[in-house]
Amino acid sequence: MWLVLEILIVCCLCSVMTDEHTHIYDDNEEVVLWMNTVGPYHNRQETYAYDSLPFCFGSKERISHYHETLSEALQGVELQFSGLDIEFKVDVPKSEYCGVQLNEEHYKTFVYAIKNHYWYQMYIDDLPIWGIVGEVTDSKYYIWTHKKFEIGYNGKQIVDVNITSENKVPLTPTTKLSFTYEVIWKKSNVKFEDRFDKYLDPNFFQHRIHWFSIFNSFMMVIFLVGLVSMILMRTLRKDYARYSKDEDIDDMERDLGDEYGWKQVHGDVFRPASHPLLFSALIGAGHQITTVVFCVIVFAILGELYTERGSLLSTSIFVYAATSPINGYFGGSLYARMGGKLWIRQMLASAFMMPALVCGTAFCINFIAIYYHASRAIPFSIMVAVTCICLFVILPLTLVGTVLGRNLAGQPDYPCRINAVPRPIPEKKWFMEPGVIILLGGILPFASIFIEMYFIFTSFWAYKIYYVYGFMLLVFLILVVVTVCVTIVCTYFLLNAEDYRWQWTSFLAAGSTSGYVYLYSIYYFFFKTKMYGLFQTAFYFGYMALFSAALGIMCGTVGYFGTSIFVRKIYSTVKID
Ligand SMILES: *[C@@H]1O[C@H](CO)[C@@H](O)[C@H](O)[C@H]1NC(C)=O
């Protein structure tokens, strides 16, 4: 019970805990320099602990505060006290803080790091600083040994930190390296609220390109919505006219088979999808993911989450756990309407689908990370904490949602009766086959998001901070509208071909967007990144697969949700004979 409580508290405090610093310093007060991680410049997601390189720490032992949250651990943040003596507004002249006598092994490690363009990352008062380990000139290896910190202050607050690496020393297996540092305090006019602005890169997130792509997608939306409503209104009106005329014709003539098109399948269209358990679990999880994405984007806009380490991830975990009832409600009610009896199994599948996907991927990558001693390896205690959140928060909340969903919305109240015997599906042209429709369905939604995908990928895999969440929200909304429109059109064609298997088809047609995103990520890997080696490749493709899967479930659910409303609507006007 204690453990549960503790985890709940940790979970709730994740976003609050980082506020433990007031960010206000008195003169001569200790300023802590945290060493975070080292890693290759070309992949910022591959990180190792700072002391995995034979660096040394200063002699100062005392640590006045230390914090590490769940999400920091998940993101591979590994703060270590540097031991450097830095005090607020006290300049330090160039002085040695430690020395290392290199041996053969140290030498090889440094050479490897320099060859791979390793950078180390530090934090001062939550402001990140990056320094380069060394450089290669004419196949000789040099290491930077002097760190010059220039810290800007405004009143009692730190608003700007620069580091300059100086004093290049050639590396040999027997050198004695002495590491030095220097601190210069400068008055600065930067406001505390704006101190993260210099990390944002407006040139990269060119607003013009962004607006242009949004404008394009928006045009597409208008075009699609217009197309959908026009086609459907005209066709449906024609269909209705034909069907209502039919009513005057006597039964004889009707039995001769004058009818064709979507009305023919009214006795099968509400037949439960095949694999109802899996289907409703996917739909439940999809509703939850959609809600989480929407909430996190809104929180990010309101809260400028990028200024706190790991706060985006903590927010996501928290929102995910809190929205579990949505998963249970939609999954459980759909399963009940499909006449499913194994509701406990369905609930477990719904609740653990995403956690299992995430943990499964993380687990595999963890193995490789442990082998490479990367700081990405998730500590055992964190795994226990995540398992506890799943078991004691997500599961009960999903149960509540499922029970509510089964009781409130579990009655099949379809407008048409389901025939006892399934109707055979007639032969149709190749492009009306569900497989083809599924493949085509994802193209337009992908086209509406791929420019944003480029920005998101680049900020995740390179040193860019993503901060244009307003655009992201717009793109999200556009994606939802485009997906719904495209899926409705696909389903209409499918039903007109008298194929009633629309549930899976609409889900997969919308979900195939993620297939295109994954293909794009493969292109991105080869042409836009400079990653190599097993660890980076596995890490990249593993997490991209996870991202695509989540996106696919989300789009699929959005598509299915829109389509099911549409299908209800058109069949509710059909008179059942
Ligand atoms: C840090 O570097 C930037 C750009 O070179 C400069 O504008 C700023 O004044 C520097 N800050 C400090 C505290 O030296």
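All ligand and atom numbering here is 1-based and tracks the order in the structure.
The six-membered or imidazole ring of Y199 lies away from that of Y467, with a centre-to-centre distance of 6.0 Å or more. A distance below 6.0 Å separates the ring centres of F55 and Y120.
Contact annotation: for E150 versus ligand 1, heavy atoms closer than 4.0 Å belong to both the backbone and the side chain.
Checking only distances, K186 does come within under 3.5 Å of ligand 1, N or O to N or O.
At the shortest separation from atom 10 (C) of ligand 1 among protein heavy atoms lies N162 ND2, 2.4 Å.
Atom 4 (C) of ligand 1 is never approached by the protein to below 4.0 angstrom, counting heavy atoms only. Distance screen at 4.0 Å: atom 7 (O) of ligand 1 has no protein heavy-atom neighbour inside the cut-off.
Inter-residue side-chain proximity for Y112 and Y118 is flagged as met; some heavy-atom pair is nearer than 4.5 Å.
Relative orientation of the F526 and F541 rings is tilted, given thresholds of 30° and 60° on the angle between their planes. Taking the six-membered ring where the residue is Trp, H23 and F192 present tilted rings, their angle falling between 30° and 60°.
Close approach to D160 involves these atoms of ligand 1, each under 4.0 Å from a residue heavy atom: 1 (C), 8 (C), 10 (C), 11 (N), 12 (C), 13 (C). Contact atoms of ligand 1 toward G152: 13 (C) (distance under 4.0 Å to a heavy atom of the residue).
With N162 as the partner, the side chain to side chain donor-acceptor pair (under 3.5 Å) test is satisfied by one option alone out of K186, K148, K198: K198.
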